[in-house]
Amino acid sequence: MSEGDSIGESVHGKPSVVYRFFSRLGQIYQSWLDKSTPYTAVRWIVTLGLSFIYMLRVYLLQGWYIVTYALGIYHLNLFIAFLSPKVDPSLMEDSDDGPSLPTRQNEEFRPFIRRLPEFKFWHSATKGILVAMACTFFETFNVPVFWPILVMYFIMLFCITMKRQIKHMIKYRYIPFTHGKRKYKGKEDVGKTFAS
């Protein structure tokens, strides 16, 4: 192996200009992602806006239905992963070791840990919309298809998948939305403080 054979290095051992450019671009992108983390509502509003722009573009161009169908399937898979627990309770039935979801009211509180966290769900959904939007600029992806069949098939797929997910949630008694541990109020203090 000669000098400069490693990835991103030039002949003189320093990182190449292209490698530094993409490295810096990645750092800027990650910085913006880190800054957007606490603004959940704003992130989802932007994603819904992008989704609306994409749908408007598909409607006005009257095409790219297969891309839209693929985007819908991708979002459905993300949503199912978002609703699913990280450790599947059906796999934990036989073994007593490892964490499990509480099944009774008096058991210790264990928060719901998702297979796909909210931030990654948002990030993947947004990237999917942007990729689908980019596909609408290429006529290659405009495959002629009878779109009402795709809509009916997607609705059937959504209903079947959600029915299976809801049955799983009922069977293993978990709710994918927790807002933290219950807080109990103590007795109200009716006494007055004395100032000395």
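On a predicted model such as this, the values are computed, not experimentally measured, just so you know.
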Open item on the list: Is there a path of hydrophobic side-chain contacts, each under 4.5 Å between heavy atoms, that joins Val145 and Phe138?
Closed with: yes
TODO: Please work out which of the three classes, parallel, tilted or perpendicular, describes the rings of Tyr153 and Tyr69, given edges at 30° and 60°.
DONE: tilted
Open item on the list: How long is the straight-line distance from CG of Leu76 back to OG1 of Thr161, given to the nearest 0.5 Å?
Closed with: 5.0 Å
Open item on the list: Could you work out, with side-chain hydrogen bond (donor to acceptor under 3.5 Å, both in side chains) as the rule, every residue matching His75, not counting sequence neighbours?
Closed with: none
TODO: Treating Ile, Leu, Val, Met, Phe, Trp and Tyr as nodes and any side-chain heavy-atom pair under 4.5 angstrom as an edge, say whether Leu60 and Met55 lie in one connected cluster.
DONE: no
Open item on the list: Give me the atom names and distance for the closest heavy-atom approach of Ala125 to Leu78.
Closed with: N-CD1, 3.6 Å
Open item on the list: Donor-acceptor check, side chain of Arg114 to backbone of Ala81, threshold 3.5 angstrom: yes or no?
Closed with: no
Task: Contact summary for Leu71 and Ala132, nearest pair of heavy atoms - done: CD2-CB, 4.0 Å
Open item on the list: Less than 4.5 Å apart, side chain to side chain, heavy atoms only: is that true for Gln27 and Arg24?
Closed with: yes
- [ ] Might you point out which heavy atoms bring Tyr19 and Pro15 nearest each other, and give the distance in Å?
- [x] CD2-CB, 3.6 Å
Open item on the list: What's the separation between atom CD1 in Ile129 and atom OH in Tyr74, rounded to the nearest 0.5 Å?
Closed with: 10.5 Å
Task: Contact check, side chains of Lys163 and Ile166, non-hydrogen atoms, under 4.5 Å - done: no
- [ ] Report the distance from atom CD of Gln165 to atom CZ of Phe158, rounding to the nearest 0.5 Å.
- [x] 11.0 Å
TODO: Find out whether Ile66 and Phe141 are in side-chain contact, i.e. whether some heavy atom of one side chain is under 4.5 Å from a heavy atom of the other.
DONE: no
- [ ] Mind checking ring-ring contact (aromatic ring centres under 6.0 Å, His included) for Phe119 and listing every partner two or more places apart, or none if nothing turns up?
- [x] Trp122
Task: Check: Ser23/Arg20 side-chain N/O donor and acceptor closer than 3.5 Å - done: no
Task: Same cluster (ILVMFWY, side-chain, under 4.5 Å), Val58 and Val151 - done: yes
- [ ] Give a yes or no on whether the backbone of Arg43 and the side-chain of Thr47 come within a donor-acceptor separation of less than 3.5 Å.
- [x] yes
TODO: Report the distance from atom CG of Leu116 to atom NE2 of His123, rounding to the nearest 0.5 Å.
DONE: 12.0 Å
Open item on the list: Working note: Phe79 + Met162, criterion side chain to side chain contact (heavy atoms under 4.5 Å, CB included); need CA distance, chi angles, decisive distance, verdict.
Closed with: CA-CA 10 Å; Phe79 186 62; Met162 288 309 295; 3.8 Å; yes
Open item on the list: So, using ring-ring contact (aromatic ring centres under 6.0 Å, His included) as the criterion, who are the partners of Phe146 when residues are at least two apart?
Closed with: none
Task: Trp44 atom CH2, over 12 foreign heavy atoms within 6.0 Å - done: yes
Task: Close side-chain approach of Leu50 and Tyr54, heavy atoms under 4.5 Å - done: no
Task: Closest contact, heavy atoms only, Asn142 versus Gly63 - done: OD1-CA, 3.6 Å
Open item on the list: According to a hydrophobic-cluster definition based on side-chain heavy atoms being under 4.5 Å apart (Ile, Leu, Val, Met, Phe, Trp, Tyr only), do Leu130 and Phe137 belong together?
Closed with: yes
Open item on the list: Assess the residue pair Phe154 and Ile73 against the criterion (side chain to side chain contact (heavy atoms under 4.5 Å, CB included)); give the C-alpha distance rounded to whole Å, side-chain angles, the decisive distance to 0.1 Å, and a yes or no.
Closed with: CA-CA 8 Å; Phe154 180 77; Ile73 297 293; 4.0 Å; yes
Task: Spatial distance of atom CD1 (Ile160) from atom CD1 (Ile155) [nearest 0.5 Å] - done: 12.0 Å
TODO: Give, for atom CG of Asp34 and atom OH of Tyr29, the distance between the pair rounded to the nearest 0.5 Å.
DONE: 11.0 Å
- [ ] Consider only side-chain heavy atoms of I, L, V, M, F, W and Y, link residues closer than 4.5 Å, and tell whether Ile53 and Tyr65 are in one cluster.
- [x] yes
Open item on the list: Applying side chain to side chain contact (heavy atoms under 4.5 Å, CB included) to Val18 and Phe22, what does each step give before you reach the verdict?
Closed with: CA-CA 6 Å; Val18 175; Phe22 283 110; 3.7 Å; yes
- [ ] Show your reasoning for whether side chain to side chain contact (heavy atoms under 4.5 Å, CB included) applies to Leu33 and Gln30.
- [x] CA-CA 5 Å; Leu33 280 180; Gln30 188 62 47; 4.2 Å; yes
